[in-house]
Amino acid sequence: MSPPVLGAGFFARDTASVARDLLGCVVVSSAGGETTSGRIVETEAYLGAGDLGSHAATHGITARNAVMYGPPGHAYVYFTYGNHHMLNLVAEPEGSAGGVLIRALEPLDGVEVMMRRRIQGRRSASHLAVGDLANGPGKLAAALGIDLTVNGEPLDGSATLSVLGREGPAPVVASSGRIGLSAGHETELRFFIEGDRHVSPARPGLRVPSRSNTKGTGR
DNA sequence: TTCAAGATTTCCT
DNA sequence: GGAAATCTTGAAA
């Protein structure tokens, strides 16, 4: 009963549909020779031009977002805030920009490995529940051992990452506005499995741009 | 060449 | 609940 590996055909569609259909699918990583996997429970769709907040918007094709314009079924890894990677899956046919940000996973295999990676990479090894192992973009990337070396790799299983189709019935999908963006959060392009406890916690109030130390030492 | 901002997480008060 | 940590990229000078 091994689920099929999702090929380019799955990703060569409009980004919102891909993001929705990815819920319930399983991401498998073989980074570092250790196999880890998790079920996708939360995604966000990032389009190309016209989607403010996407790296592909207003800047044209650059070295960074070229992967989003490239062929579908590839990994697009982005590093931000100096601490965290984020895993995206490229959608849309080649030439059209589109990517699906994986925001949360339900850990399946390699839980011990993921927990070790999370603890090793960062500071103190305080309490770390399985539920908090991959319920955030940066968290799941760290748990799967994803870094910039994975950027641009195919998802067909020949490289570090692969995505398996979902086995059971379609989950209950809910949508909302995207999180954490300074722009473009009005569109409902965030999809998640309703009621799943591994979905990242909702933010009641929007994040405040707490950049209060912009003066003095110059950040 | 230099500066500013960011698709976040974590620790401290 | 608030602030710091830390690195890559894009745009301006």
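Throughout, a chain's letter reflects where its sequence line sits, starting with A, and its residues are numbered from 1. All figures in this text were calculated on a predicted structure; none of them were measured in a lab. Quick note: numbers below take in every heavy atom, side chains included, and nothing from hydrogens, waters or symmetry partners.
In this model, the phosphate group of B/dT8 is approached by a side-chain N or O of A/Arg103 to a distance below 4.0 Å at OP1 or OP2. Of the side-chain N and O atoms in A/Thr62, one or more sit less than 4.0 angstrom from OP1 or OP2 of C/dG10. Applying the 4.0 Å criterion to OP1 and OP2 of B/dA7, one finds that A/His55 has a side-chain N or O inside that range.
A cation-pi arrangement is absent between A/Arg13 and A/Phe11, since the terminal nitrogen or guanidinium carbon is not both under 6.0 Å from the aromatic centre and inside a 45° cone about the axis.
One can place NE2 of A/His185 at 12 Å from P of B/dG6, the figure rounded to the nearest angstrom. Going from atom OH of A/Tyr78 over to atom C1' of C/dG10 covers 10 Å, rounded to whole Å. At whole-Å resolution of the value, CG in A/Asp147 and C1' in B/dT8 are 17 Å apart. In this structure, A/Ile119 places its CD1 atom 11 Å from P of B/dC11, rounding to the nearest Å. Computed from coordinates, the A/Asn88 CG to B/dG6 P distance equals 17 Å when rounded to whole Å. Between the NE2 atom of A/His85 and the C1' atom of C/dT6 there is a distance of 12 Å, rounded to whole Å. Atom CG of A/Leu87 is separated from atom P of B/dT8 by 14 Å (rounded to the nearest Å). Put simply, CE on A/Met86 is 11 Å from C1' on C/dC7, counting in whole angstrom units.
Scanning for salt bridge (charged side-chain N to carboxylate O under 4.0 Å, His left out) contacts around A/Arg39 gives A/Glu106, A/Asp196, with sequence neighbours left out.
Side-chain atoms of A/Phe79 lie closest to C/dT8 of the nucleotides B/dT9, C/dA5, C/dT8. Checked against C/dT8, B/dA7, B/dT9, the side chain of A/Leu148 finds its nearest nucleotide in C/dT8. In the set B/dT9, C/dT6, B/dT8, C/dT6 carries the atom at the smallest distance from any side-chain atom of A/Asn83. In the set C/dG10, B/dT9, B/dG6, C/dG10 carries the atom at the smallest distance from any side-chain atom of A/Arg64.
A/Glu188 and A/Ser176 share no side-chain donor-acceptor pair at under 3.5 Å. In this model, a donor atom of one side chain and an acceptor atom of the other lie less than 3.5 Å apart for A/Arg64 and A/Tyr78.
Separating the CG atom in A/Leu144 from the CZ atom in A/Arg117 is a distance of 7.0 Å, to the nearest 0.5 Å. Here CG of A/Leu87 is found 11.5 Å from OH of A/Tyr76. Values are rounded to the nearest 0.5 Å.
For the pair A/Val150 and A/Leu161, the minimum side-chain heavy-atom distance is below 4.5 Å.
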Pairs under 3.5 Å (Watson-Crick or G-U), crossing ones as [ ], inter-strand ones as |: DNA chain C comes out as |||||.||||||.
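Both stacking criteria are satisfied for A/Tyr46 over the base of B/dA7: a centre-to-centre distance under 5.5 angstrom and an angle between ring planes under 30 degrees.
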